[in-house]
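Have a look at the structure below before the remarks.
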Amino acid sequence: MIPELGNFALYIAFGFSLLLSILPFIGLRKSNMGLMQTAPNLAVGLFVFTLFAFLCLVFAFVTDDFTVLNVAQNSNSALPVQYKFAASFGSHEGSFLLWLLMQSGWACAVAVWSKSLPTTMRTRVLMVIGWICVGFYAYIITVSNPFDRTLPFFPVDGADLNPLLQDIGMIIHPPLLYMGYVGMSICFSFAIAALLSGDLDSTWAKWSRPWTAVAWGFLTLGITIGSWWAYSELGWGGWWFWDPVENASLMPWLVATALLHSLAVAEKRNAFKSWTVFLAIASFSLSLLGTFLVRSGVIVSVHAFATDPARGVFILVLLAIVIGGSLLLYSLKAGLIKSVGKFSIFSRESSLWLNNVFLVAATIIVLLGTLLPLVHKEIGLGTISIGEPFFNQMFTYLIVPFALLIGIAPHIRWKQDKPNKFVATPLIICLASVALSYLWLVVEFGEVKGLAWLSTSLFWWIILFTAVELVKTTQKVRLTKLPLSHFAMVLGHVGLAFVIAGVGLTSQYSTERDVKMFVGGSESFSGFDFKFVKLQDVKGPNYDGWAAQIDITQQGQEVSTLLAEKRFYPVQRNTMTEAAIDATFFRDIYISLGEQLPDKGWALRLHLKPYVRWFWFGGIVVAFAGALIVADKRYRQQKSSVRVRSSAAAEIV
Amino acid sequence: MMKSISILIVILASLVSVKSYGFDEMVTFDNPKQEAEYRELIKELRCPKCQNQNIADSNAIVAKDMRAKALLLLQEGKSKQQVVDYMINRYGQFAHYRPPVNIATIMLWAIPVGFILMCIILLWRRSRLSTQVDNATDTAGLNSELDNLLDEVSDLQNAETTRNNP
C-alpha cells in the first residue's frame, strides 16, 4: 500500500513539474501576474510530493518490504537499519529518486528564498527548473521506477546491499554529492532565464552567485568525503584513482570553480558576461553528462548500455535536449551580451581570466581522458587505457602556473596595475617558499624529493602571499569589517594550498610493506613497531570475520592499538577488508589484513601515509569558503537595492 | 542476469568502484630502487580482466601473474620501460594506463595546449584593444585608481551597514 502511495506521489509530482513548466510560461507570455505567481507554489508542491515519495521508499526499505523489486535487490532483513536507509538510494532507481528529491528541494529553496528577485525573473528561473524536472520525472516514472513490485512471487529475503556500500560514507556521501550536482541546475536555470529574457546586465550574476556558491560547496564536500570513504573502505590505501566515476564528479567541480570566479568579474566589473553564461551551462551539462553516462554504463562498458536500451536512449535524448537546446539558445543570444568592462593585460580581470583558462583546460583534459578510450576503440584503433600516469602528469603541469597565479592574483588591482610593483615581494616570497619547504623536507623526511619540494613550495607560496594580502588589507579596513566573501577567498585558497601539499607529500613519501606475521610476532616498519597481539572472532549483524589486534609502539612509547578486520558477508558471498587506521593530522598508519598463508602466518600490508589528511582537510576548508560567500550579507543588501532599482525601472517603462 | 546488472548499477551509483583486494604473495626486493620501480609499475599496469583496476589492487589470477612477472623481469635487471614494453606486447596497449601517442591520442595533449594558447592570445588581443581605448582618453591610470577607491569605499560601507544591521 505504502509503495503505491509513493508511486502515486511521484505521478503527482510529475504533474506539478508539467504545470511548473507550462503555467508560468503562459503567464509570462500574457503578462498574467496570477499565472506567474503559481510558480513558487508549484515548486513547493513538487518538493512536498517528491519528499513523500522518497519517504515511502525509505519506509519500504526499513520495513523490509521485499515485494518491492528495488528492496528485494538491494536490501536484506539482517542489514542494520542505517544501511537500509542508505540502500534506499543505493540502487540506480533509488539514487535517481534522491536526485529528484534534491532537484525539487533546490526548486523549493529558490521559491522560498528568492522573494527579493523581480517577479518575472523568479518566475523564469522556476519555469526553467520545471522544464528540467519534466525530463527527470518522466524518466523515473517510465523506465526507472523505484516502486516496481515483484508480485505475485516475491522473495522471502533480499539480495543485500553491496558490502562496499555498508559504510557511514554511503549515508553521507551521495546526498552531499547530489546536492552539488543538482545545485548546478540552479546556476544553469538562472543563466537560461537570463538568456531567455535577454536581460543580461550584471544583476543576474549577483543573483546566481550565492546559489552557485552553495552548490559548489556541497560538490566540494561530496567529492572530499567520497575520496575519504574510498580510502577508508576499499582497503588498498588509495584515495583517488582517476576512475570515470571520480572524473564525472571532478569535471563539474572544475567548471563550477571557474564559474564562481568569473561570476565575481561579471558582477563587479561587467566583463566576461557571455563567458560566464557559457560556464553556467557547461557546469550543469557536465554534471548531467558525467553522472548519466557513467550510470548508464556507457563509459565503463559498452555492453551495459545495450542491456537496457530504453534507459540509455532516454538518457541520450534528455542529454541532447538539455545540452543542445541550451547551447543553441546561447549561440542565438550570446551576441547580444555586451561586456563593457575594459581592462589591461596586467589586471585582476586578466588573472581571473587565466584562472578560468586553466580550470577549463583541466576539465578538457579530464573529459578527453575519460571519453577518448571509447572513441579510440570505436574507430578501430584498439583498446587503450588512460589513467593515473597521464592525469597525474597533466595536472602537475597545470597546477604550477595555477598555484603561482593564486598567490599573486589577489594583489593585482582591477582594471590596470603596474607590473613593476610585482618584483620585490614575489621574489622574496619565492625564495622563502623554496627555502622553507626544503628545510621542512630535510628535517622531517631526511631526503628531498623533487615533486614534494615543488608542491610544498607552492603551498608556502600561496600561504605567504595570502597572509601578506590579509595584512595589507587589514591596514586599510579593520579585520572585523572585512566582508565575509573576502574571507571566503582566503579560505578557498588556503584550503587548496593544503590539498596541494597533502597530495605532493603523501604521493612522494608514503611507504608500504607486505609482511607475514604470526600471532605474537612483531615487525618494524618506518620507525614503528607492530606487534600482532591476537586474532579474535568478530560477529557483526550481517557478517562474520576475524580481527587482528595490532599494537603499535614507537621507541617503546605506545602509539595505538588497531583492529584490522576481514569480514565475510554470507548473503552476497563477499569478503571485505576493513582497514584499520591510526590517524593524526600529520600521518596515517594504515593496516589491512590479507589472507592466511598455508603456514598459518597472516599476510598484512602496512602503510605509512604522511600528510594524507591534508587532502581532505583542505577540501573541507575549501567547501567552507562556499558557506562564507552565502553568509555574506552583501548579497541580501544588493538584492534589495536591485529590487529598488528594478521597480524604479518599471516605473520608467 | 538482472541481479548482476543491479549490482553493477549499485557500484556505479557511488563514487567507488569495486576493488576486491587481496594479497597472499610475499615479495622481497634486492634494493630500494627495485622496490620503488616495482610499486610504480604495479600501479601503472592495468589488470586485463578487471573492470578498472591496476594490478596492485587486483587479486585476479592474471594480475598476480603480472605482478610476479614484473618482479621477475626487474630482478633480471630489466628497466621499468622494458617491463612495460613486455606487458604491452603480451596483453596489448590496454594493459598500460599511460596511453600511446598516435593520430587519435595526440588530441589528449594538443587540445588542452591549443586551448590555453588560444585563450592567452584572445586575452592579449582583447586587453590590448581596451588599453588603446583607455590610452586614447589618457585616463587609464586615473580610472583604475578611482575604481579601486570606489571598490574599497563600497566594501567599507557594506561592512558598516552590516555591522549596524546585524
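Predicted model, so just to flag it, every value in this text is computed and none were measured. Residue numbers start from 1 in every chain, and the chains themselves are labelled A, B, ... in the order their sequence lines are given, proteins ahead of strands. Note: hydrogens, waters and symmetry copies are ignored here, and every other heavy atom, side chains too, is used.
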Heavy-atom distance under 4.5 Å between the side chains of [X] and [Y], does that happen here?
X      : Y      : result
B:W109 : A:Q393 : yes
B:T105 : A:I386 : no
B:C119 : A:V360 : no

Rounded to the nearest 0.5 Å, what's the gap from [atom1] on [X] to [atom2] on [Y]? Could you check?
X      : Y      : atom1 : atom2 : result
B:L108 : A:M394 : CG    : CE    : 7.0 Å
B:K43  : A:F241 : NZ    : CZ    : 10.0 Å
A:I365 : B:F115 : CD1   : CZ    : 10.5 Å
A:I345 : B:I120 : CD1   : CD1   : 9.0 Å
B:I116 : A:I364 : CD1   : CD1   : 8.5 Å
B:Q93  : A:L381 : CD    : CG    : 11.0 Å

- Are there more than 12 heavy atoms of other residues, nucleotides or ligands under 6.0 Å from atom CD1 of A:I379? yes

- Message: Is it the case that atom CZ in B:F94 sees more than 12 heavy atoms from other parts of the structure closer than 6.0 Å?
- Response: yes

- In terms of heavy-atom pairs under 4.5 Å, which option from A:V357, A:L398, A:T511 contacts chain B the most? A:V357

Which portion of [X] sits near chain B, non-hydrogen atoms under 4.5 angstrom:
X      : value
A:R348 : neither
A:L367 : neither
A:V375 : neither
A:F358 : side chain
A:L484 : neither
A:L372 : side chain

- Query: Just by modelled atom types, is the B:A95 backbone N or O under 3.5 Å from a matching donor or acceptor in the A:S385 side chain?
  - Reply: no

Which bit of [X] is near chain A, if near means a heavy-atom gap under 4.5 Å: side chain, backbone, both or neither?
X     : answer
B:N54 : both
B:R98 : both
B:E40 : neither

- Message: Taking the basic N atoms (NZ, or NE/NH1/NH2) and the acidic carboxylate oxygens, is any pair closer than 4.0 Å for A:E512 and B:R39?
- Response: yes

